[in-house]
2 protein chains.
Amino acid sequence: MKLSTKGRYGVILMIDLGMFHGEGPVSLKSVAERQSLSEHYLEQLIAPLRNAGLVRSIRGAYGGYVLAKNPQEITVGDIIRVLEGPITIVDDPEEELKELWERVRKSINDVLDSVTLQDLVEKKKFGGENIMFYI
Amino acid sequence: MKLSTKGRYGVILMIDLGMFHGEGPVSLKSVAERQSLSEHYLEQLIAPLRNAGLVRSIRGAYGGYVLAKNPQEITVGDIIRVLEGPITIVDDPEEELKELWERVRKSINDVLDSVTLQDLVEKKKFGGENIMFYI
DNA sequence: TAAAAAGCAGAGTAATTTTCTCGGAAATGA
DNA sequence: TCATTTCCGAGAAAATTACTCTGCTTTTTA
């Protein structure tokens, strides 16, 4: 049971955009270089993020992508759900198990929604100086 | 992001064994018939469950499987972890994300470990008369 | 106008995982 | 002895994942 790289890379991509939030558009090419990822693959990840309204694109030379909201308004859950689809633990559940899977789903979402992009950007910038994980 | 059928079928299999707990060995053939699953596939699920000490096998005619512990001592988490492997959200995590994945992992395990086989067997037997989900 | 970059679509593919099947060997009870 | 059942390993089939490549259009800045 594990998250696919799609969700992981998507979060990494969004953190990268978050690092430059307020400094104008960031090209996928530059993200690809910084994060050692394929630009083409990033295209496939950013498309759904754009459709979901998490990023905005600016076309043309010196264009790129910017976060569509402030980093503190975007949770990791928002990103993961867009890229991994809804956290459906199981499709056709047995009656006795339905509520259990539902509780699992909810608890995952609660954790993922408890961390914002802002939290992760700060963590990356200041390296473990924040308190969010000491709760 | 979803659980594979392996974990699901494994839980269903264990519930079935739980239904007959104390009444002697249950053959995979009978489980396969009751649950409309392939006997051969169940074989593959039960092997790790046996290795993990959750069930005991009795070979030969009129043999089968029995729970190795009381149903209230076996949690859904025990079963899922055996069949799905550890709940590793991600293999090679970014430093900033490590603790987040760890929190997700822990919260999933907490939920899965909060329900025992006994709970599910009772739920199946008495159809939603128990209180475990009304917390 | 030329270069940079997104946008879009589709094809393909390699690897991995999941799901499931098959064919026996060994053990056991009646 | 024989039917039943576990035990074991191999592997096939299907689905999913994780990309890669191609190629073209549109938008925008310098």
Side-chain angles (χ1 to χ4, degrees), chain A residues 1-13 17 20 24-33 35-68 80 83-85 88-92, chain B residues 1-13 16-17 20 24-52 54-68 80 82-92:
Chain A
M1 185 181 191
K2 60 174 190 227
L3 203 68
S4 72
T5 63
K6 228 161 128 183
R8 218 175 97 219
Y9 289 167
V11 173
I12 291 170
L13 163 60
L17 295 187
F20 297 95
V26 177
S27 74
L28 282 195
K29 192 177 176 185
S30 71
V31 177
E33 277 165 11
Q35 309 297 337
S36 314
L37 297 171
S38 139
E39 192 182 342
H40 271 297
Y41 193 43
L42 287 179
E43 264 182 32
Q44 289 180 31
L45 300 185
I46 202 121
L49 293 171
R50 178 170 41 79
N51 293 335
L54 295 182
V55 301
R56 238 167 12 90
S57 67
I58 293 112
R59 300 183 68 165
Y62 296 87
Y65 292 90
V66 294
L67 298 181
I80 299 278
L83 293 172
E84 303 271 339
T88 46
I89 293 304
V90 96
D91 294 330
D92 172 28
Chain B
M1 185 182 193
K2 61 172 188 232
L3 203 69
S4 72
T5 62
K6 228 160 128 184
R8 220 175 96 219
Y9 290 167
V11 173
I12 290 170
L13 164 61
D16 196 292
L17 295 187
F20 297 94
V26 177
S27 74
L28 282 195
K29 192 177 177 187
S30 71
V31 177
E33 276 164 12
R34 273 191 299 276
Q35 309 297 337
S36 314
L37 297 171
S38 139
E39 191 183 342
H40 271 298
Y41 193 42
L42 286 179
E43 265 182 29
Q44 287 181 31
L45 301 185
I46 202 118
L49 293 171
R50 176 171 42 82
N51 293 335
L54 296 181
V55 301
R56 236 165 17 87
S57 68
I58 293 110
R59 299 182 71 166
Y62 297 86
Y65 292 91
V66 294
L67 297 182
I80 299 279
V82 165
L83 291 172
E84 304 271 341
I87 313 262
T88 46
I89 293 303
V90 96
D91 294 330
D92 172 27

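Any value given below was found using the heavy atoms of this structure, including those in side chains, with hydrogens, waters and symmetry copies removed. Chain identifiers are assigned alphabetically (A, B, ...) following the order of the sequence lines, protein sequences preceding nucleic acid strands; residue numbering begins at 1 within each chain.
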| said: Counting distance alone, no hydrogens or angles: does the base of C/dC22 have a donor or acceptor under 3.5 Å from a partner atom on the side chain of B/H40? | reply: yes
| task | Return no unless some side-chain N or O of B/S57 is found under 4.0 Å from OP1 or OP2 of D/dT5. | result | no
| request: Run the numbers on B/L37 and B/V31 for side chain to side chain contact (heavy atoms under 4.5 Å, CB included), then give the verdict. | output: CA-CA 8 Å; B/L37 297 171; B/V31 177; 5.8 Å; no
| task | Would you mind reading off the distance between A/R50 atom CZ and C/dA5 atom C1', rounded to a whole angstrom? | result | 13 Å
| query | If each of A/L37 and B/A61 is mapped to the nucleotide of DNA chain D with the nearest heavy atom, which maps nearer the 5' terminus, i.e. the 5' end? | reply | B/A61
| query | Atom NZ of B/K29 and atom P of C/dT28: how far apart are they, to the nearest Å? | reply | 20 Å
| Starting at OH of A/Y65 and ending at P of D/dT27, how long is that distance when rounded to a whole Å? | 15 Å
| field | Whole angstrom value for the distance that separates P of D/dT25 from CD of A/E43 | value | 16 Å
| Going by modelled atom types, is there a donor-acceptor pair between the base of D/dT26 and the side chain of A/R59 at under 3.5 Å? | yes
| request: Round to the nearest Å and state the distance from A/I12 atom CD1 to D/dC19 atom P. | output: 11 Å
| query | Looking for any heavy atom pair under 4.0 Å, which part of the strands does A/I46 touch: base, sugar-phosphate only, or nothing? | reply | nothing
| query | How far apart are the closest heavy atoms of B/P25 and B/G64, and which atoms are they? | reply | CB-N, 3.7 Å
| said: Under 4.0 Å, heavy atoms only, any strand: does A/R56 hit a base, just the sugar-phosphate, or nothing? | reply: nothing
| request: Write down the distance between OH (B/Y9) and C1' (C/dT18), rounded to a whole number of angstrom. | output: 11 Å
| query | Rounded to the Å, how far apart are B/K6 NZ and D/dA15 P? | reply | 18 Å
| query | Picking from C/dT28, C/dC22, C/dA6, which would you name as closest to the side chain of A/S27? | reply | C/dA6
| message | Rounding to an integer number of Å, can you tell me how far B/L45 CG sits from C/dT18 C1'? | response | 11 Å
| said: What's the separation between atom CG in A/L13 and atom CG in A/L83, rounded to the nearest 0.5 Å? | reply: 8.5 Å
| query | Where each residue is assigned the nucleotide of DNA chain D containing its nearest heavy atom, which of A/E39 and B/E39 is assigned the position nearer the 5′ end? | reply | B/E39
| field | Nearest to side-chain heavy atoms of A/S38, which nucleotide of D/dT20, C/dA6, D/dC7 | value | D/dT20
| remark: Among D/dT6, D/dT20, C/dT19, the one nearest any side-chain atom of A/Y41 is D/dT20
| field | Non-hydrogen side-chain atoms of B/L17 and B/I46 separated by less than 4.5 Å | value | yes
| task | Determine yes or no for a side-chain-to-main-chain donor-acceptor pair under 3.5 angstrom, with B/S57 supplying the side chain and B/R59 the backbone. | result | no
| Closest to the A/Y62 side chain: C/dT28, C/dT21, D/dT29? | D/dT29
| task | Kindly indicate whether the side chain of A/Q44 and the base of D/dT20 share any N or O donor-acceptor pair separated by less than 3.5 Å? | result | yes
